[in-house]
Number of protein chains: 2
Amino acid sequence: MAAALELFVRQGYASTTLEDVAAATPVSRQTIYNHFGDKETLFLSVIDEHLSATLETLREATAHFPSELPDPEVYLNELARRIMATFLHPRTAALRLLLQTEGPRNPQLTQLWRQRVAAPVWSELIGQLARLAHGGALLIDDPARAAGHFVALVNGTVWEMTELGTFAVYHPPELDDPALDAALRSAVGLFVRGYAPGDRPAG
Amino acid sequence: MAAALELFVRQGYASTTLEDVAAATPVSRQTIYNHFGDKETLFLSVIDEHLSATLETLREATAHFPSELPDPEVYLNELARRIMATFLHPRTAALRLLLQTEGPRNPQLTQLWRQRVAAPVWSELIGQLARLAHGGALLIDDPARAAGHFVALVNGTVWEMTELGTFAVYHPPELDDPALDAALRSAVGLFVRGYAPGDRPAG
DNA sequence: AGAATTTTAGACAGGAGCGTCCAAGACTAG
DNA sequence: CTAGTCTTGGACGCTCCTGTCTAAAATTCT
């Protein structure tokens, strides 16, 4: 069934025939109809399955806040690295790309992503930044906005280094590419400097 | 011909019938064949035309560096606002979305965007940041990387405030939405604080 | 007005994909 | 071994779209 996702990502929903996915799987076309009855149902099932898996991966990446207040730069570097690793995970990258390409034609897909994946991860992130700020490690007056900046920087860095986001599916970059690591550290550095206490207030 | 772009964006290339675009234009289906001969050719012509127009819009947005060294925060706020205005321009938004949805199936589209639009704008941005740094207004050791951060912040802000980028096409947000303006100023503020001289070195 | 060019509507063949049906084969269970 | 279930490959009807063709209508040019 990962094969179906792969095909939907590579060719899009409209251009992917059930014969294609049958050829890519050990079952035949009729078996697919027996199980799902419908191309649309198959598609939604594929989305649903990988959505759950992706949520699990993202949860693991973002739910590691230590009990003791960490050094913000060290901790945020680790966090950024875990988020990046999730973004570059083949399944996540494929799912994001698929939601991106089919989302405009299927608004409920975007909504599913937002409700089931983005929202919980988002609030976890906001909570962590709020804790860092509350502990005095960072000067943040609006954790939600700061989370937006953090995600924009991490996401943008990965985006800019992977050919507009499509690269990750076809040529997954090495996680330990030193250029990627340096870019990520630089982005986190900017974030930490910009929210360091002792600066002008973070407006 | 703007109608053709609209349709391709809304329905995607595969699901857009030539009858659809004929119905949306004052000409008939056969006239389209007479002029373009082919659906693929029509598509590429539409892309090409709007690509040129978008480049022009983006050039105007980014080529306004004053002769006298400006205050970085004030200037970058104006620059960010102009870039955002371009991103939210219906034509640009539609084109970006179209390249996003059809790019994975048409790698040359992504390449066209990068070569003809992104590359020149990118180098203009890098040059401006380098000038700000050279004048001592900011402490930037790698203008290209800083440009990446700036674009990531501006782009990410717009992205996060417009429903994952699809919102802009169907419900263009008001340019003078105070929330958008505040978010943009906040992002630029982070950038300027992070690259302010007198801080730790910008690594 | 008259001639030439373009546009139009409709019809048409060709091809492709979805969803269904069916009969033969494989696999499982008792 | 036998009965029942599931899978398979093939064929089929149906719909839709592309690209072509043709004769009539409209437009432009002289």
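Both backbone and side-chain heavy atoms feed into the values below; hydrogens, waters and symmetry mates do not. Just so we're on the same page: letters track the sequence lines, and every chain starts at 1.
- Applying the salt bridge (charged side-chain N to carboxylate O under 4.0 Å, His left out) test to A:Arg81 and every residue at least two apart in sequence or in another chain returns A:Asp181.
- Atom CD of A:Glu19 has 12 or fewer heavy atoms from other residues, nucleotides or ligands within 6.0 Å.
- Of the residues in residues 20-27 of chain A, those lying under 4.0 Å from DNA chain D by heavy-atom distance are A:Pro26, A:Val27.
- Counting only residues at least two apart or in different chains, side-chain hydrogen bond (donor to acceptor under 3.5 Å, both in side chains) contacts with residues 47-56 of chain A comprise A:Asp48-A:Arg116, A:Ser52-A:Arg116.
- A:Arg131 meets the salt bridge (charged side-chain N to carboxylate O under 4.0 Å, His left out) test with no other residue; sequence neighbours excluded.
- Residues forming a ring pair (Phe, Tyr, Trp, His ring centres under 6.0 Å) with A:Tyr13 (at least two apart in sequence, or on another chain): A:Phe8, A:Phe43.
- Of all nucleotides in DNA chain C, those with any atom nearer than 4.0 Å to a heavy atom of chain A start and finish, going 5' to 3', at C:dG17 to C:dC21.
- Within the structure, ring-ring contact (aromatic ring centres under 6.0 Å, His included) contacts touching residues 54-73 of chain A (residues at least two apart or in different chains) are A:Phe65-A:Tyr75.
- Atom CZ of residue B:Arg10 and atom OG1 of residue B:Thr101 lie 13.5 Å apart, to the nearest 0.5 angstrom.
- By the ring pair (Phe, Tyr, Trp, His ring centres under 6.0 Å) test, A:Phe150 pairs with A:Phe191, sequence neighbours left out.
- Using a 4.0 Å heavy-atom cutoff across all strands shown, B:Thr16 reaches sugar-phosphate atoms only and no base atom.
- Put simply, B:Thr17 has no side-chain N or O that comes within less than 4.0 Å of OP1 or OP2 on D:dC16.
- Scored by the ring pair (Phe, Tyr, Trp, His ring centres under 6.0 Å) test, B:Tyr33 finds no partners at all (sequence neighbours excluded).
- One atom, CD of B:Glu19, and another, C1' of D:dC16, lie 10 Å apart when rounded to the nearest Å.
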Atom pairs, N/O to N/O, protein against nucleotides 20-28 of chain D, distance under 3.5 Å?
from, atom 1, to, atom 2, distance (Å)
D:dT20, O4, B:Gln30, NE2, 3.1

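- Considering only side-chain N and O atoms, A:His35 lies nowhere under 4.0 angstrom from the phosphate OP1 or OP2 of D:dC6.
- Interface residues of residues 40-47 of chain B facing DNA chain C, ordered by number: none; criterion, heavy-atom separation under 4.0 Å.
- Looking at heavy atoms from C-beta onward, A:Arg91 lies out of side-chain contact with A:Leu95 at the 4.5 angstrom threshold.
- Atom CG in B:Asp38 sits about 17 Å away from atom P in D:dC17, given to the nearest Å.
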Can I get a per-line list of side-chain donor-acceptor pairs under 3.5 Å for residues 117-126 of chain B, giving both atom names and the distance, sequence neighbours left out?
from, atom 1, to, atom 2, distance (Å)
B:Ser123, OG, B:Ala119, O, 3.4
B:Ser123, OG, B:Pro120, O, 3.0
B:Glu124, OE2, B:Gln128, NE2, 2.9

